[in-house]
Amino acid sequence: MSKEFLELLAREASAVEFEGPIIEARARGADPATIEELEQAKVEALKVRDLLKRRARREAELSALYDTAGDLAALRDLDAVLEAIVHRARQLLATDVAYMTLHDPEQGDTYMRVTDGSISAKFRALRLAMGAGLGGLVAQTATPYSTADYFADARFRHKHHIDEAVKEEGLVAILGVPLRLGQRVIGVLMAANRSARPFHQEEVSLLASLAAHAAVAIDNARLLQETRNALEELSHAHRTARAHGEAVERAALAHDRMTSLVLRGGGIEDVAAVVTDVLGGSLAVLDDLGRPLTGDVGELAELDAGVFESAQASRALGRTVRRGDLLIASVDVGGEPLCTLILRSDDADERILERAALVCALLLLFRRSVAEAEGRVRGELLDDLISRPGSPGLADRARRLGVDLSAPHVVVVVRHEGQRERAAFWASSQATLRHGLAAGRAGEVVLLLPGDNAGGIAQRVAAELSASLQVPATAGASKVCLPGATARPLGGGPGAGDVAASYQEARRCAEALIALGRAGDGASAAELGFVGLLVGDGRDVHGFVGRVLGAVIDYDARRGTALADTLAAYFGSGGSPSRTAEAMHIHVNTVTQRLDRIGKLLGDGWLEPERALEIQLALRLHRLGHTSTP
């Protein structure tokens with residue numbers, strides 16, 4: 001081989017350039033033997049060139065496969081690996097386009113996963129049914145196929161939408177090899193040219209090798225994703241188990257704290273404090289009627305119908321119900337609500353709130369049981385005071401209940417049409433709180449409460465029990481000095497020492513209020529005006545005249561005036577100032593001035609019919625001498 005051909009080989013010259021030394025020899029007039037020798041050297045040089053070219057190609061292919069294997073070993077992103085494989089296939093086979101389709105098990109066809117060199121959007125979005133087009137044929141048969149002229153090849157089914165996409169891309173020659181995982185075909189790797197060309201066996205083998213790497217990459221990615229999913233599920237399960245364990249432990253600790261509080265005599269407020277300490281937020285505890293036992297309901301939310309509907313749902317489901325940022329846990333007994341806990345919190349352990357609701361319910365049940373037992377004892381004592389006032393040991397029995405029989409008390413009889421048990425429980429609770437006694441009877445409750453303001457106590461009892469029963473409760477009251485008292489009540493009192501008489505008077509006051517249309521009100525005989533003279537046992541005329549007319553009588557006594565006489569003459573003349581002036585032999589202006597003074601002393605409304613009747617009765621009693629000037 002001559003030096004010229006070696007130089008051409010060294011600089012990787014094209015095949016045409018190997019004709020140069022022969023042309024130059026002929027131009028120099030070389031003999032035929034020299035020309036023949038150069039021809040043989042050229043042939044050998046071209047063989048060496050082809051061999052070097054094949055080895056270079058093989059080296060590039062091996063390098064590409066090595067790089068692909070490296071990509072697989074450092075697999076981080078499946079899309080990046082598949083794009084690299086498709087790009088290398090296009091470069092090594094020197095094609096215009098390379099692409100990969102993958103099998104879609106849900107639709108039963110293949111779809112474009114990666115393309116390189118494509119310019120058609122329709123082609124990139126193409127889907128191939130099994131057996132349709134060259135790619136569908138490869139996917140169906142798991143065998144490589146190539147065509148030098150796609151549109152002239154009748155070995156596979158031509159579909160209109162596939163042919164349109166191929167035509168839009170401008171493809172003519174196509175080679176496809178299957179992506180196989182064992183016996184299963186998961187896709188097709190393809191290389192295509194926009195001009196006719198055959199594909200050699202070496203190119204088919206190279207593309208098949210890249211396809212095998214792609215299949216491995218896809219399977220590795222699947223396994224890696226499954227491993228990641230499994231690890232994530234395991235991690236999530238671990239976190240869930242740990243969170244559950246922590247929540248259970250926290251709930252157990254909170255329950256222990258609440259139980260310890262109850263055993264030490266703690267109440268609803270202490271349990272609520274534990275809940276807010278553990279869960280945070282704002283908490284309110286409501287009783288069976290929705291009234292707050294503890295906590296500031298105003299800080300939580302306005303208790304609308306929706307909140308109480310949620311409380312009903314909580315009782316029905318036996319668990320906490322969320323309404324906005326409120327957690328509601330409610331407990332019932334025998335179908336009747338007992339207590340409801342309302343917690344404002346975005347994220348709180350519902351089990352702790354449910355346990356707190358149960359503890360509060362148990363506390364209320366315990367209190368109710370104790371109250372009922374104590375109520376029976378208190379009721380029995382009150383019955384004995386009314387029916388057997390001389391029974392021995394009454395003072396000792398009262399002392400054990402915290403009732404001081406040496407102090408003035410008031411008997412209150414409350415008539416109602418509400419729930420008998422609820423009214424009796426309310427009366428028992430009030431008696432316990434106020435160191436008194438209570439007894440429930442058909443249609444009424446009787447209370448013996450310390451104090452001497454019978455009218456004020458009656459009004460308070462009527463208002464509070466009416467609110468509790470949600471129906472009118474009418475209360476009559478009477479002061480009494482109990483057996484063992486060291487002094488009579490202030491101002492004396494009818495039937496002092498006789499609880500039975502005070503009880504009867506209080507009943508008459510309650511009945512009088514109902515008869516007067518004042519159901520839901522409370523009063524003693526003193527507040528009933530002249531009616532009180534009829535229902536009161538003591539007939540306290542002195543007190544009645546003093547309450548009704550005392551200001552006028554006292555004014556006359558201090559100033560030496562005749563306002564009481566003027567008032568009597570005014571009523572006697574039918575309310576005529578002129579006839580009053582004639583009867584008293586004074587000027588009508590004097591009458592007018594005296595009436596103005598009387599109006600200021602008696603206050604507004606003294607001429608209203610009921611008030612005027614009381615004033616006239618007081619005037620009669622005063623003039624008859626039944627009372628002296630206050």
Side-chain angles (χ1 to χ4, degrees), residues 453-456 458-459 474 476-479 490-494 505 508-630:
N453 182 7
Q459 290 174 2
T474 308
S478 175
K479 293 187 292 183
L490 292 176
E505 180 177 320
R508 289 194 295 270
C509 287
E511 292 169 354
L513 285 171
I514 295 173
L516 292 171
R518 293 171 59 183
D521 199 355
S524 66
E527 285 78 43
L528 292 177
F530 71 91
V531 176
L533 296 178
L534 302 177
V535 300
D537 284 339
R539 307 294 194 271
D540 185 12
V541 176
H542 179 280
F544 172 74
V545 173
R547 285 190 301 274
V548 175
L549 204 59
V552 174
I553 296 172
D554 182 64
Y555 189 89
D556 283 346
R558 292 196 315 269
R559 303 292 182 89
T561 56
L563 295 182
D565 293 338
T566 304
L567 190 58
Y570 176 74
F571 282 119
S573 63
S576 169
S578 60
R579 288 199 296 271
T580 301
E582 291 176 2
M584 296 191 71
H585 306 289
I586 57 177
H587 196 276
V588 68
N589 289 341
T590 304
V591 172
T592 301
Q593 292 171 359
R594 291 181 180 180
L595 291 176
D596 288 343
R597 173 59 59 185
I598 290 170
K600 292 178 181 179
L601 292 172
L602 296 181
D604 294 338
W606 68 278
L607 285 176
E608 295 293 329
E610 185 174 343
R611 181 86 179 278
L613 178 60
E614 288 189 343
I615 294 172
Q616 291 180 68
L617 178 58
L619 284 168
R620 291 290 183 97
L621 293 172
H622 176 59
R623 297 187 68 184
L624 289 173
H626 283 81
T627 181
S628 60
T629 304

If every non-hydrogen atom of Ser524 is compared with every non-hydrogen atom of Ala454, which pair is closest and at what distance?
CB-CB, 3.8 Å
Got a second to check how far Leu601's CG is from Asp596's CG, nearest 0.5 Å?
11.0 Å
Output for pair (Ile586 CD1, Gln593 CD), nearest 0.5 Å, gives 9.5 Å
Rounding to 0.5 Å, atoms CE (Met584) and OG1 (Thr566) come to a distance of 3.5 Å
Taking all atoms of both residues into account, what is the closest heavy-atom pair of Ala477 and Cys509, and its distance?
O-SG, 4.1 Å
First locate atom CD1 of Ile553, then atom CG of Leu619, and finally report the distance between them rounded to the nearest 0.5 Å.
7.5 Å
Using side-chain heavy atoms (C-beta onward) and a distance below 4.5 Å, is Leu567 in contact with Leu549?
yes
Shortest non-hydrogen contact from Ala523 to Ala458?
N-CB, 3.5 Å
Heavy-atom distance under 4.5 Å between the side chains of Trp606 and Val552, does that happen here?
no
Pairwise side-chain contact, Arg594 with Tyr570, heavy-atom cut-off 4.5 Å (strictly under)
no
Distance in Å, Arg597 CZ paired with Lys600 NZ, rounded so as to fall on 0.5 Å steps
5.0 Å
Which atom names give the shortest non-hydrogen contact between Ala564 and Asp556, and what distance separates them?
N-OD2, 2.8 Å
Could you report the tightest heavy-atom contact between Ile598 and Leu563, atom names first, then the distance?
CD1-O, 3.5 Å
Shortest non-hydrogen contact from Ser573 toward Ser576:
OG-O, 3.3 Å
Can you measure from OG1 (Thr580) to CZ (Phe571) and round to the nearest 0.5 angstrom?
10.0 Å
